[in-house]
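Data first, discussion second: the structure below is written as structure tokens.
Order of the sequence lines fixes the chain letters, A, B, ..., with proteins taken first and strands second; residue numbering starts at 1 for each chain.
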There are 2 protein chains.
Amino acid sequence: MKTGRTEKTPTRNRRAEILEAAAELFAARGFHGVSIEDIGAAVGVSGPALYRHFSGKEALLAEMLLDISERLREQGARLATTADPDTAEAALDALLSGHIAFALTHPALIRVHERELDNVPEQARRAIRRLQRLYVEEWVTVLSELHPACPPARLRAATHAVFGLLNSTPRSAGELAPEAMAGLLRDMARAALARL
Amino acid sequence: MKTGRTEKTPTRNRRAEILEAAAELFAARGFHGVSIEDIGAAVGVSGPALYRHFSGKEALLAEMLLDISERLREQGARLATTADPDTAEAALDALLSGHIAFALTHPALIRVHERELDNVPEQARRAIRRLQRLYVEEWVTVLSELHPACPPARLRAATHAVFGLLNSTPRSAGELAPEAMAGLLRDMARAALARL
DNA sequence: GGAGTCTGTTAATGATGACTAACATCCGAG
DNA sequence: CTCGGATGTTAGTCATCATTAACAGACTCC
């Protein structure tokens, strides 16, 4: 059928394709609610073919979450360090916009990242948690410049709360156009963080 | 062993006991990550004993989510109608405090309520969604009094976002003392909702 | 003191599902 | 060509698990 001979990168794309399809499925039905067969079917191969690309279902999830956490952390590190160390205000805005863009662009990833950490094998879980912690600390650092009197624990809790707010996207999808949603979330988050 | 003869309400408590234990387990490992055996073990009976109280695993989850949704809706309806129709401000505060109290008191329930709706059989799911919608509308009604110019879709999205913020509790547990957390969440949510 | 209901228990039963084995195909390099 | 690796396929295999069956103690009500 679609054995187009000119298939570019017939290999390298499979992994990405699988990860993408699996993310959608995990987001919709949860890790344990999705079978290897399901994931295979979603990319047009059937079942055990996945073992040519991943060592197992948990490894697949681990790689997915590691990738998400790494992207967020990298983005956080990049945006929080906007040269100008004076304007913590600008850094916070950059973090906000970056996180919102990610959440709106990849709602499935956000959902999986939020829900499935427990299903990742111990070792990878530690690595993921480390990255998450680094990302949070990026926010806490910026916030502590804006609110020097506020204790770190409170800043951390506030950061988690804002993540909850921003990550509500997958739940209220479709209500608003993406730009409107982005603006709303940014305004609400900014206001929430001003009260520290 | 503990066959204390004077066991009060030996029956009626089992259902509640099971629901409670199951909620903790579901919150920790997800619906599909918990077996009937696990739930039985958590309340000291083993396995199929649960079928004396629930018709099945999904029915158990359905009842759990129905109960949570009903409690929230009831609480919402009660608090939003604080006699004084003038002070929408007060009604909003009441809704906020009520939701925060619930989230802080029952983090496991909040988590399950947020994550497991997809695993509920169709019919019950509809009922649960209806209750959730009613609860959201309670908020939207109050908010629309405070922000008459704001379109309902935006108010709904904002409500979901605030729920995300308030429900971040299970994720940042332990960072702050409950009262401090409650105060923080209320301040942040109030500020976020002022920006509409 | 026995019939019936409630609540449990320990064995099936039957699916589902992750993972492995054994066996093709394709394709690039020598 | 042909060897080898990459990628798939289809049949197991082995666990796990929800659910049911068959049976038993306890308590109530007569």
Side-chain angles (χ1 to χ4, degrees), chain A residues 1-23 25-26 28-64 116 118-122 124, chain B residues 1-23 25-26 28-65 112 116 118-122 124:
Chain A
M1 292 289 189
K2 50 182 51 180
T3 44
R5 309 168 292 93
T6 326
E7 283 284 8
K8 301 296 184 61
T9 55
T11 296
R12 284 306 135 196
N13 276 20
R14 260 303 145 82
R15 277 181 74 86
E17 215 179 332
I18 291 170
L19 283 167
E20 206 173 323
L25 289 170
F26 289 163
R29 312 211 295 263
F31 180 72
H32 292 293
V34 175
S35 73
I36 290 284
E37 265 292 322
D38 292 335
I39 302 172
V43 300
V45 306
S46 251
L50 299 198
Y51 289 87
R52 299 295 173 193
H53 303 278
F54 300 93
S55 70
K57 200 185 171 190
E58 286 188 333
L60 196 165
L61 178 66
E63 179 162 331
M64 188 184 303
E116 308 292 0
D118 301 326
N119 295 312
V120 171
E122 187 56 25
Chain B
M1 292 285 192
K2 51 181 48 179
T3 42
R5 309 169 294 93
T6 326
E7 285 283 9
K8 302 295 183 62
T9 55
T11 295
R12 283 307 135 198
N13 277 19
R14 260 299 144 82
R15 278 181 73 86
E17 214 180 329
I18 291 171
L19 283 167
E20 206 173 322
L25 290 170
F26 289 163
R29 311 211 297 263
F31 180 72
H32 292 292
V34 176
S35 73
I36 290 284
E37 265 292 322
D38 292 335
I39 302 172
V43 300
V45 305
S46 251
L50 300 198
Y51 288 86
R52 298 295 173 196
H53 303 278
F54 300 93
S55 69
K57 199 185 172 191
E58 286 188 334
L60 196 165
L61 178 66
E63 179 162 332
M64 188 184 302
L65 291 194
V112 174
E116 308 292 1
D118 301 326
N119 295 312
V120 171
E122 187 55 25

Exercise. Which residues pass the salt bridge (charged side-chain N to carboxylate O under 4.0 Å, His left out) test with E63(B), sequence neighbours left out?
Worked result: R15(B)
For this session: Return the set of residues passing side chain to side chain donor-acceptor pair (under 3.5 Å) with D38(A) (not counting sequence neighbours), or none when no residue passes.
Result: R29(A), S35(A)
Expected rows: protein N/O vs nucleotides 22-27 of chain C N/O, under 3.5 Å:
none

Problem set entry | Separation of atom CD1 in I18(B) from atom P in dC6(C), rounded to whole Å | 16 Å
Seminar exercise, completed: Those residues at least two apart in sequence (or on a different chain) that pass ring-ring contact (aromatic ring centres under 6.0 Å, His included) with F54(B) are none
Problem set entry | Spacing between F54(A) atom CZ and dT7(D) atom P, to the nearest angstrom | 12 Å
Exercise. Starting at CG of L50(B) and ending at C1' of dG8(C), how long is that distance when rounded to a whole Å?
Worked result: 11 Å
Exercise. What's the OH-P distance between Y51(A) and dG8(D), to the nearest Å?
Worked result: 15 Å
Problem set entry | salt bridge (charged side-chain N to carboxylate O under 4.0 Å, His left out) against R52(A), all qualifying residues, sequence neighbours excluded | none
Seminar exercise, completed: Side-chain contact check for I36(A): nearest option of dT19(D), dA18(C), dG8(C) is dA18(C)
Problem set entry | Spacing of N13(B) atom CG relative to dC6(C) atom C1', expressed in whole Å | 15 Å
Problem set entry | Interatomic spacing from CG in D118(A) to CG in L61(A) - rounded to 0.5 Å | 10.0 Å
Exercise. When rounded to the nearest 0.5 angstrom, what is the spacing between CG in L65(B) and CZ in F26(B)?
Worked result: 9.0 Å
For this session: Take the protein atom CZ of R15(B) and the nucleotide atom C1' of dC6(C), then report the distance between them rounded to whole Å.
Result: 14 Å
For this session: Could you please name the option among dC17(D), dG8(D), dC19(C) that lies closest to any side-chain atom of R14(A)?
Result: dG8(D)
Exercise. Roughly, in whole Å, what's the span from CZ in F31(B) to P in dA18(D)?
Worked result: 8 Å
Exercise. Do you know which of E58(B), H32(B), K57(B) makes side-chain hydrogen bond (donor to acceptor under 3.5 Å, both in side chains) with N119(B)?
Worked result: H32(B)
For this session: Give the rounded distance in Å between these two atoms: NZ of K57(A) and P of dT16(C).
Result: 15 Å
For this session: Please check the phosphate of dG17(C) (OP1 and OP2 only) for any side-chain N or O of H32(B) closer than 4.0 Å.
Result: no
For this session: Indicate the atoms forming the closest heavy-atom contact of G47(B) with I36(B), along with that distance.
Result: O-CG2, 3.5 Å
Seminar exercise, completed: So CG of L50(A) and CZ of R14(A): to nearest 0.5 Å the spacing works out to 9.5 Å
For this session: Could you identify which residues of residues 37-49 of chain A place a heavy atom less than 4.0 Å from some atom of DNA chain D, listed by residue number, or say none?
Result: V45(A), S46(A), P48(A), A49(A)
